[in-house]
Amino acid sequence: MLRKLAAGNWKMNGLRANLAELAKLEEKHGDAGVDILICPPATLISACEDTPFDIGGQDCHMATSGAHTGDVSAEMLADAGASYVLTGHSERRTDHGETDAMVAAKSQAGYDAGLIAVICIGETLDEREAGTTLSVIDTQLAGSIPATADAENTVIAYEPVWAIGTGKVPTLEQIAEVHAHIRARLTERFSDGAEMRILYGGSVKGSNAAEIFSVPNVNGALVGGASLKAADFSPIITALEAASNF
Ligand code: 13P
């Protein structure tokens with residue numbers, strides 16, 4: 001039985017005032033039956049120390065320290081109170097040219113600091129339309145996951161780039177196909193690959209969460225826009241608690 005994970009990625013949103021949303025979420029889900037992860041901007045991580053939820057960074061540098069102006073190391077995230085870090089989000093891959101090798105190095109830096117890496121992968125619309133989704137996924141999985149990954153230190157997030165922030169969601173069959181493919185690759189490569197959690201991300205909302213969580217090998221969600229307000233994130237958490245397919 002895999003522990004279900006509802007993860008919120010606030011991206012570059014959130015000031016101290018927005019932490020009130022976490023207090024509201026705690027009222028309803030302070031002792032939820034699923035893991036809840038919030039990835040606020042790095043500036044708010046230490047201000048989250050009183051929340052019962054797991055806290056994660058949205059990125060880290062691959063080095064522990066050094067002359068890297070503006071960057072944040074995994075050790076710094078852990079020191080500020082994080083226990084997770086997102087790596088390889090498509091917005092990092094696009095905006096900052098992050099390659100699979102960089103994503104693997106950042107994930108390893110996360111492990112070295114004691115963090116769980118949520119390694120993000122997903123195809124673009126062009127790749128989907130060209131019929132290359134599964135080969136793109138294969139390349140990203142092979143290149144982005146360190147050899148030292150295991151079910152304790154790693155979560156995979158499948159986020160089709162074309163579904164992020166667009167309101168477009170793949171069909172349940174499309175999600176099922178990719179998640180089954182990811183599961184097969186993980187079990188081929190890692191002895192505990194069957195236990196690695198795989199999240200779906202991309203336009204998850206309260207209205208579509210239950211059906212997405214009914215898909216085999218979907219072990220939770222990585223939620224962007226709908227994680228910013230407790231009123232939007234709460235029904236997603238409730239749907240995950242009710243999901244019974246794993
Ligand atoms: P949305 O839920 O806003 O589509 O964002 C998904 C995402 O990128 C989470 O990392």
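Just so it is clear, the values below take in all heavy atoms, side chains as well, and ignore hydrogens, waters and symmetry mates. First listed ligand is number 1; within each ligand, the first listed atom is number 1.
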Within-cut-off N or O pair, Ala226 and ligand 1, under 3.5 Å: no

Short side-chain to backbone donor-acceptor contact, Ser234 and Ala231, under 3.5 Å: no

Heavy-atom nearest option to atom 2 (O) of ligand 1, drawn from Ala221, Ala163, Gly224: Gly224

Geometric N/O contact Glu159 with ligand 1, under 3.5 angstrom: yes

Results of ring-ring contact (aromatic ring centres under 6.0 Å, His included) for Tyr158 - residues two or more places apart only: His179

Ligand 1 versus Asn9: contacting region, heavy-atom distance under 4.0 Å: side chain

Check: Glu91 N/O within less than 3.5 Å of ligand 1 N/O: no

Under 3.5 Å donor-acceptor, Ser203 side chain and Ala163 backbone: yes

Atoms in ligand 1 flagged as close to Ser203, the criterion being non-hydrogen separation under 4.0 Å: 1 (P), 2 (O), 4 (O)

For Leu222, atoms of ligand 1 separated by under 4.0 Å from a heavy atom: 9 (C), 10 (O)

For atom 5 (O) of ligand 1, the protein heavy atom that lies nearest, with its residue and separation: Lys11 NZ, 3.3 Å

Under 3.5 Å side-chain donor-acceptor pair for Trp10 and Gln58: no

Donor-acceptor side-chain pairing of Asp138 and His181 below 3.5 angstrom: yes

side-chain contact (heavy atoms from CB on, under 4.5 Å), paired with Ile119, selected from Leu86, Thr154, Val85, Asp100: Thr154

Residues, nucleotides or ligands: over 12 heavy atoms within 6.0 Å of Glu98 CD: yes

Residue selection (non-hydrogen contact nearest atom 4 (O) of ligand 1) among Gly165, Gly8, Gly225, Ser227: Gly165

